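Proteins get letters first, then strands, A, B, ... in listed order; numbering begins at 1 in each. For clarity, every value in this text was computed on a predicted model and none was experimentally measured.
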Number of protein chains: 4
Amino acid sequence: MAASRRTSPVQARSKAMVERILDGATRVLATSGYAQMSTNRVADEAEVSIGSLYRYFADKDEIIAELQARASDGIVDELTTAMTDAALLPAYEGTRHVVATLVDSLRARGPLISAMINEVPLGSHTNALPEVERGLAQFTRLYVIQRAPDMSRGELEARIYLAMGITLSSCLRIALEKPAELDAEHLIDLVAGVLSLGLTA
Amino acid sequence: MAASRRTSPVQARSKAMVERILDGATRVLATSGYAQMSTNRVADEAEVSIGSLYRYFADKDEIIAELQARASDGIVDELTTAMTDAALLPAYEGTRHVVATLVDSLRARGPLISAMINEVPLGSHTNALPEVERGLAQFTRLYVIQRAPDMSRGELEARIYLAMGITLSSCLRIALEKPAELDAEHLIDLVAGVLSLGLTA
Amino acid sequence: MAASRRTSPVQARSKAMVERILDGATRVLATSGYAQMSTNRVADEAEVSIGSLYRYFADKDEIIAELQARASDGIVDELTTAMTDAALLPAYEGTRHVVATLVDSLRARGPLISAMINEVPLGSHTNALPEVERGLAQFTRLYVIQRAPDMSRGELEARIYLAMGITLSSCLRIALEKPAELDAEHLIDLVAGVLSLGLTA
Amino acid sequence: MAASRRTSPVQARSKAMVERILDGATRVLATSGYAQMSTNRVADEAEVSIGSLYRYFADKDEIIAELQARASDGIVDELTTAMTDAALLPAYEGTRHVVATLVDSLRARGPLISAMINEVPLGSHTNALPEVERGLAQFTRLYVIQRAPDMSRGELEARIYLAMGITLSSCLRIALEKPAELDAEHLIDLVAGVLSLGLTA
DNA sequence: GATGAATGAGTCTTCATTCAT
DNA sequence: TATGAATGAAGACTCATTCAT
């Protein structure tokens, strides 16, 4: 009946090292920025030895990549649910629901996403979060085909290509750097409006 | 009519050091990325001694800043001209002209812009090229006020805020990473359309 | 009975890094002077990587400071013992014992002290070895109060102030740069004489 | 009758470059310390081109050496006069006059001497100002021979050797770092007393 | 598996010195 | 002679990565 201090050693030990490392990395990134994110600092923050860090990750980039993948996957999961729901709604409402969900997803991962997008010198900004974009594109394609079945293939792809950029950049703006005087809900309305119109008009 | 090799030594020597250094930096950035952009590498590429590099720039950041400022200024200049011309055109045509100009401006500075946006860990990506955005916003504000004089202040600012994101991200996409199978002119048409509609509808 | 070459690898390896670094620094200082004492040179001389050097010392100054502190502490220790012994001796004999001990202490650290005093651009030379001076001053104060109880506070402090300078500079001269034709023991006699007289007469 | 601006150009130009450079160096040393004394900084301060600086001085050390020589020569000159005067005075008064003069000489060159002694990593501190010491020693030798004609050669040299150290270090202390609560005149009295006694007793 | 001391290539930057004009 | 732009060796320091225990 010895009280468990902090977290029980067993629990702490069994929590996969990978998780601890990624958590540490996230914390460093979110609180101190990429410039401070040395592998040793991450290991410290994760309360893991630097040796162990390199047992689970080949190099620093792999940590970044995994962080990105996880953020991406989380967002994709949330978006997938939202897109499923959206399929049952009228065009505008569906679009708005997806946009609002994306904004929330990004906002929930704010500091991490922010550091990743703005400071990590990897990956394309004009195509940040490629997995998210892919998932979104697939859904949008179906969505447009339903609403505008006559649209040519080329037209469809062009519109989707732009819509992806518009959606991601707008949601990032709203989630991460919206000035206080602008209302997020209203901005989401506008984005949904632009997308509904732009995709099918 | 003997062809001049590369650049004549004299020409090379007289070319202002600052220019050579910035050119060197641009070349390093474009060909090897920011990660490889050490001051020594830049000096080598510029065929300038490291001592001279520090005679003309206080530190590495100052080189980056100057590169950004120049790209930004060049784009702003080109945009300013385009916006002046656009003022005389009907809404859609004006918008399209500005968008097309921005795409050209970005494309002309392709590798530099790309490296700057994606790899340089300075400045916000969701608000890349802040000077460009500022110039564009001013023009857009006037443009909207003309076309939709009854719009409330809040509505106006919200739409401009989004339009800036949409414009920049779309133009960056078209200029820097458009898949070959999509037609740039058509994409520009679509962006102009979305903006015309989205700004005033 | 095979003679051990230089130092056995094991011994070398187990010897604390801090010691190796300080030894290396001492050697560089003594053989090549402060001007040659780059951190890389110290690391080489210590047969330690530059990275390790910075694991144990925050920066170059910290190495110098530690070297100074150690020399100072060693001398202070030896002086403390000597001063305790001196308390039981008659005035002149006591003074002479302390002076002789200080000369020995300085001589034992000859090249290091020499480099430190003459080349290291830190700390005041007119007050080299401040800790040593402090310890000495405390002892001297008691010594004078015993022998000349009527001396005014101001007179006491003035004499001690000068005596410190005289003692340190004389002992340094004797220990570090005495011409061969002068006899150290005799010089020590004279210093002790001057101090005995000068302090209480 | 054109008013002379600042200093007349001719005068400024004719003032030997060497002087301007040394003045510049002195100013840098006195105001910013040796660490800031780069040759370019000196040239700036002297309003002389770096090229000219190297026309008149072989290297940086030569500037330092000249500065030291000049300070030394100035002090020696002042001391020489004082020693001549002292020859006519009784023992203690003569000694005191010389000591007081040395303190004044050092104080007049305070910041320069201070920087030179404490920061410049050249020359021995235990024998700072060797020329001064030499001049002083010569005078002292005569002085002692007069007062204590029976003293053996060895005894004489030993006493002079120590007296030089005592004189220089004490005068430096009094001139450069005396605590405010101690009275300079009194300290000079004491030094003179110690020397008078110590040299001949 | 876990550890963390040790490594050293590479970074930014300074400054004494040269030499073409 | 005077100039000052240009040079580059060298210095202090960082950090991703390894490997003996």
Side-chain angles (χ1 to χ4, degrees), chain A residues 13 16-17 20-21 35-44 46-64, chain B residues 13-14 16-18 20-21 35-44 46-64, chain C residues 13-14 16-18 20-21 35-44 46-64, chain D residues 13 16-17 20-21 35-44 46-64:
Chain A
R13 187 147 296 245
M17 303 280 283
R20 293 171 61 184
I21 294 165
Q36 306 302 317
M37 189 201 169
S38 73
T39 51
N40 281 285
R41 170 83 190 279
V42 168
D44 279 359
E47 293 183 80
V48 149
S49 74
I50 183 66
S52 293
L53 185 151
Y54 275 90
R55 173 165 290 283
Y56 293 100
F57 293 91
D59 55 25
K60 193 183 176 184
D61 285 356
E62 205 172 282
I63 299 177
I64 295 287
Chain B
R13 185 149 294 257
S14 67
M17 301 284 285
V18 168
R20 291 172 63 185
I21 294 165
Q36 304 304 316
M37 190 202 168
S38 73
T39 51
N40 283 286
R41 173 79 192 282
V42 168
D44 279 359
E47 292 183 81
V48 147
S49 74
I50 183 66
S52 292
L53 185 151
Y54 277 94
R55 186 168 180 60
Y56 292 100
F57 293 91
D59 57 25
K60 193 183 173 181
D61 283 356
E62 204 173 281
I63 299 177
I64 296 287
Chain C
R13 185 148 294 256
S14 66
M17 301 284 285
V18 168
R20 291 171 64 184
I21 294 166
Q36 304 302 317
M37 190 201 168
S38 74
T39 52
N40 282 287
R41 172 80 192 281
V42 169
D44 279 359
E47 294 184 81
V48 148
S49 74
I50 183 64
S52 292
L53 186 152
Y54 277 93
R55 187 168 179 60
Y56 293 99
F57 293 91
D59 55 26
K60 192 184 175 182
D61 283 357
E62 205 172 281
I63 299 178
I64 296 288
Chain D
R13 186 149 297 245
M17 302 281 283
R20 293 171 61 183
I21 294 165
Q36 306 301 318
M37 189 201 169
S38 74
T39 50
N40 281 284
R41 171 81 190 280
V42 168
D44 279 0
E47 294 183 79
V48 148
S49 74
I50 182 65
S52 294
L53 186 152
Y54 274 92
R55 172 166 289 284
Y56 293 100
F57 293 90
D59 56 25
K60 194 184 175 183
D61 284 357
E62 206 172 280
I63 299 177
I64 296 287

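- The CG atom of Leu53(D) sits 15 Å away from the P atom of dT1(F) (whole-angstrom rounding).
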- nucleotides 13-21 of chain F: protein proximity per nucleotide (B base, S sugar-phosphate only, - neither; heavy atom, under 4.0 Å): BBBBBB---
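- As rounded to whole Å, 15 Å separates atom P of dC12(E) from atom CD of Glu62(B).
- Taking every heavy atom of both residues into account, Glu47(A) and Arg20(A) meet most closely at O-NH2, 2.7 Å.
- Going from atom CD1 of Ile21(B) over to atom P of dC12(E) covers 14 Å, rounded to whole Å.
- Contact between the side-chain N/O atoms of Ser49(A) and the OP1/OP2 oxygens of dG4(E) is not found at any separation under 4.0 Å.
- If you take CE of Met17(C) and P of dG4(E), they are 17 Å apart, rounded to a whole angstrom.
- When the nearest nucleotides of DNA chain E are assigned to Glu47(A) and Glu47(C) by heavy-atom distance, the more 5′-ward of the two goes with Glu47(A).
- The side-chain hydrogen bond (donor to acceptor under 3.5 Å, both in side chains) check on Ser38(D) picks up nothing, with sequence neighbours excluded.
- Results of the side chain to side chain contact (heavy atoms under 4.5 Å, CB included) test with Ile50(C) over Asp44(C), Asn40(C), Val42(C) single out Asn40(C) as the only residue that passes.
- Note: CG (Asp44(D)) to P (dA16(E)) measures 12 Å, nearest angstrom.
- Between Arg55(D) and the phosphate of dT1(F), there is no side-chain N or O to OP1/OP2 separation shorter than 4.0 Å.
- To the nearest angstrom, P of dT7(E) lies 7 Å from CZ of Arg20(C).
- Annotation: side-chain hydrogen bond (donor to acceptor under 3.5 Å, both in side chains) contacts of Arg55(A) (sequence neighbours excluded): none.
- Heavy atoms of Phe57(B) sit nowhere under 4.0 angstrom from any nucleic acid atom.
- With rounding to whole Å, Gln36(C) atom CD is found 16 Å from dA12(F) atom C1'.
- Looking at every heavy atom in both residues, Met17(A) comes nearest to Ser52(A) through CE-CB, 3.4 Å.
- Contacts of Thr39(D) classified as side-chain hydrogen bond (donor to acceptor under 3.5 Å, both in side chains), with partners at least two apart in sequence or in another chain: none.
- Residues satisfying the side chain to side chain contact (heavy atoms under 4.5 Å, CB included) test with Phe57(D), not counting sequence neighbours, are Val18(D), Ile21(D), Leu22(D), Glu62(D), Ile63(D), Glu66(D).
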- Bracket notation of DNA chain F in which parentheses pair within the strand, [ ] cross earlier pairs, and | pairs with another strand (Watson-Crick or G-U, under 3.5 Å): .||||||||||||||||||||
